[in-house]
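First the proteins, then the strands, lettered A, B, ... as listed; each starts at 1.
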There are 2 protein chains.
Amino acid sequence: MEPPAPPRRVTIVDVARHAQVSTTAVSKVLRNAYGASPEMRTRVRRAIDELGYRPYAAARGLRGQTYTIGVMLPDIRNPFFPEILDGITSRLQGTDYQVFLGPGCNGEKEEARVTEAMIDRGMDGIVLVAPVSSSARLQHVASVVPTVVIGRHGRSPVYDTVTDDDVAGASLIVSHLAGLGHRRIAHIEHHETDPTRIAEMPNAQRADGYRRAMRSLGLTDEIDVVSTSYTQQGGYQGAKELLGRRHRPTAVFAGADIVAMGVLEAVAEAGLSVPGAISVAGYDNTTFAALGPISLTSVDQAGHEIGANAARLLLERITDRHRPSVQVKLSPTLVPRRTTGAAPE
Amino acid sequence: MEPPAPPRRVTIVDVARHAQVSTTAVSKVLRNAYGASPEMRTRVRRAIDELGYRPYAAARGLRGQTYTIGVMLPDIRNPFFPEILDGITSRLQGTDYQVFLGPGCNGEKEEARVTEAMIDRGMDGIVLVAPVSSSARLQHVASVVPTVVIGRHGRSPVYDTVTDDDVAGASLIVSHLAGLGHRRIAHIEHHETDPTRIAEMPNAQRADGYRRAMRSLGLTDEIDVVSTSYTQQGGYQGAKELLGRRHRPTAVFAGADIVAMGVLEAVAEAGLSVPGAISVAGYDNTTFAALGPISLTSVDQAGHEIGANAARLLLERITDRHRPSVQVKLSPTLVPRRTTGAAPE
């Protein structure tokens, strides 16, 4: 016997077809807007009753669903995030779920505002991309609404996580550079002081991965980390500092592609060739890393797969809020391009 | 006499404070989730009544507001759109409105899906950024919910528009190149056949502005337009075609920065120097135009101002749905960088 087709949500379009009126007319009746005749109202109300249509507004009270998933992005400028988003939407294709993005966050207060707004509008589930909030706050959100956290390495009994293996990614870069004959390989990290974030955030994991890889290659004495920020300006400042050293590094591993942009700027200003005098690598394999004039060696995080896994876990959790939490860790790959080459003699 | 303070929306946080419980507890009661004791329910329900809190879910039925604004973006990868978004959110700061983005569109069907979803969830207003849908469809959306359209030059009695003056922007580029001694200035446009879109879309206006500027500078015979698409691949193909001409152009005006990226790639492949042998200019002043290794001459559309104006108009229209429609046109500025220089002898 064939399994029954999954129940499809009745939409405003179905109501309009059933009542033989336009969707505008249905909307007018639902909003009590003027311009809908009494006959129209009666027809639409009857269609609503017959089809059992529940406008989103009735959903929460009846403990139904709004078929809405909120995705909180820290910064829509980071060209890595669209990959994650594509993964999420492709996994949701063919379902009745609609994704809405909550933008404009990059701090705990803003994150609280966006997550409250998502909860307040009855969203069925939330995906938090690289949130900076405390674990306690994340647990709070997850206690109210099904939640998946992307890019944080901590684990929790109430939410699922999907991360890239940042330690492995950093190791790919260091091994690649060492294989090209580099020994003085420096790293520019994002400055972090909060102990939870040091344990959970990707930036801290990348710095840790760098140190571990250097040690395992017998380059412990060459470990050289400059602590600035994951911004272009942070890369510029970090590179200025490294280029000022008496024995300057022959290779720089920037913790993110945007940081590498600042490094390239500082290196060009110093009149040094890339990769002739100095090799530069980033992380995230953003769209601009692939642009011809930049051609930056980077690490690909499989953003699409990260997003698809997050959506899958969220749908599972919406169905069963009390299943044990799941941690998915994906393997990154190295994308060598023109900014890395053989170490100078 | 002082004007009365604008009424502030009662939020879930106010209810929690008033009931002296956590916001989690309020959420649980609102969602009828298990884990809320009967006493808790009573307390929360009383606070809700006393403060007159209306969860979003009750809003539509009562013809109230959801304090939600939907912004439809055609492509979150285009680095110009975050500027618009910043303008929108900065104008809404201090209000109770929350912005949610509807992503993943770039076609009429997807746009219909996203706008229906926004209407279905009772959003108070919608900003459509560079929609590709028909005018009839835009009018339909605007007849149901207050709407502002960004980047389309058509006018409508039911929605407001905010655009850049694309004709003026194209003229800035052509004049800049002519001032550097160029005469053979070619243009790469986005291929367009639909007559409404030819009249309304920014790409068609830029091509028109290019032609007009060439004529007004006495360069009618040098007009040379290649029709591909506003993508990196479109720029690459267009440049290949132009570089194959017997008299190849000394300057290329690409209709968008992303197109210029493809042009730079093709020019580098052909072993030509920029701007020594050929000058290249884009449009949009995206973040990567400013990156050191690229340093692309471009046109800045004042995205922040576009967004701020759109938000202002939308708030006005939410207050008064029947006021006459408004068209705002903003002036772009030229940002000269290293990819344009004196014409070769």
Side-chain angles (χ1 to χ4, degrees), chain A residues 11-13 22-24 27-28 30-33 55-63 66-68 70-71 73 75-77 79 81-82 85-86 89 98-104 113-114 116-122 140 143-145 232 261-262 264-266 268-269 287-288 291-294, chain B residues 11-13 22-24 27-28 30-33 55-63 66-68 70-71 73 75-77 79 81-82 85-86 89 98-104 113-114 116-122 140 143-145 232 261-262 264-265 268-269 287-288 291-294 321:
Chain A
T11 70
I12 201 172
V13 178
S22 67
T23 53
T24 314
S27 289
K28 277 186 181 163
L30 287 171
R31 294 170 72 89
N32 285 324
Y56 88 97
R60 180 185 272 170
L62 299 171
R63 221 192 153 183
T66 59
Y67 292 92
T68 311
V71 176
L73 292 177
D75 177 8
I76 71 161
R77 281 188 171 75
F81 297 135
L85 193 65
D86 280 351
T89 50
Q98 173 67 40
V99 166
F100 286 115
L101 304 180
R113 187 192 148 116
V114 170
E116 280 304 321
M118 289 174 170
I119 291 167
D120 189 49
R121 280 148 188 89
H140 165 76
S143 73
V144 178
V145 62
Q232 191 167 350
M261 292 300 113
L264 291 175
E265 206 184 327
E269 259 186 39
T287 34
F288 57 73
L291 294 174
I294 291 176
Chain B
T11 68
I12 201 172
V13 178
S22 67
T23 52
T24 314
S27 289
K28 276 186 181 164
L30 287 171
R31 296 170 69 90
N32 287 324
Y56 88 98
R60 178 186 272 170
L62 300 172
R63 220 193 154 182
T66 59
Y67 291 93
T68 310
V71 175
L73 291 177
D75 177 9
I76 71 161
R77 281 187 171 75
F81 298 135
L85 193 66
D86 279 352
T89 50
Q98 173 66 40
V99 168
F100 286 114
L101 303 181
R113 186 193 149 118
V114 170
E116 281 304 321
M118 288 174 172
I119 291 167
D120 189 50
R121 279 146 188 92
H140 165 74
S143 73
V144 178
V145 62
Q232 190 167 350
M261 292 302 112
L264 291 175
E265 204 183 327
E269 260 186 37
T287 33
F288 57 72
L291 294 175
I294 290 175
R321 291 205 54 173

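- Using a 4.5 Å heavy-atom cutoff, the side chains of A/Phe288 and B/Leu291 are in contact.
- Residue contact with chain A, scored on non-hydrogen atoms closer than 4.5 Å, is absent for B/Glu269.
- Inter-residue side-chain proximity for A/Asp120 and B/Gln98 is flagged as unmet; no heavy-atom pair is nearer than 4.5 Å.
- Contact annotation for B/Ala117: both backbone and side-chain heavy atoms come within less than 4.5 Å of a heavy atom of chain A.
- Heavy atoms of B/Ser22 lying under 4.5 Å from chain A are absent altogether.
- Put simply, CE on B/Met118 and OG1 on A/Thr68 are 11.0 Å apart, with the number rounded to the nearest 0.5 Å.
- Considering CD1 of B/Ile119 and OG1 of A/Thr23, their distance stands at 7.0 Å, rounded to 0.5 Å.
- In this structure, B/Arg121 contributes its side chain and A/Tyr67 its backbone to a donor-acceptor pair below 3.5 Å.
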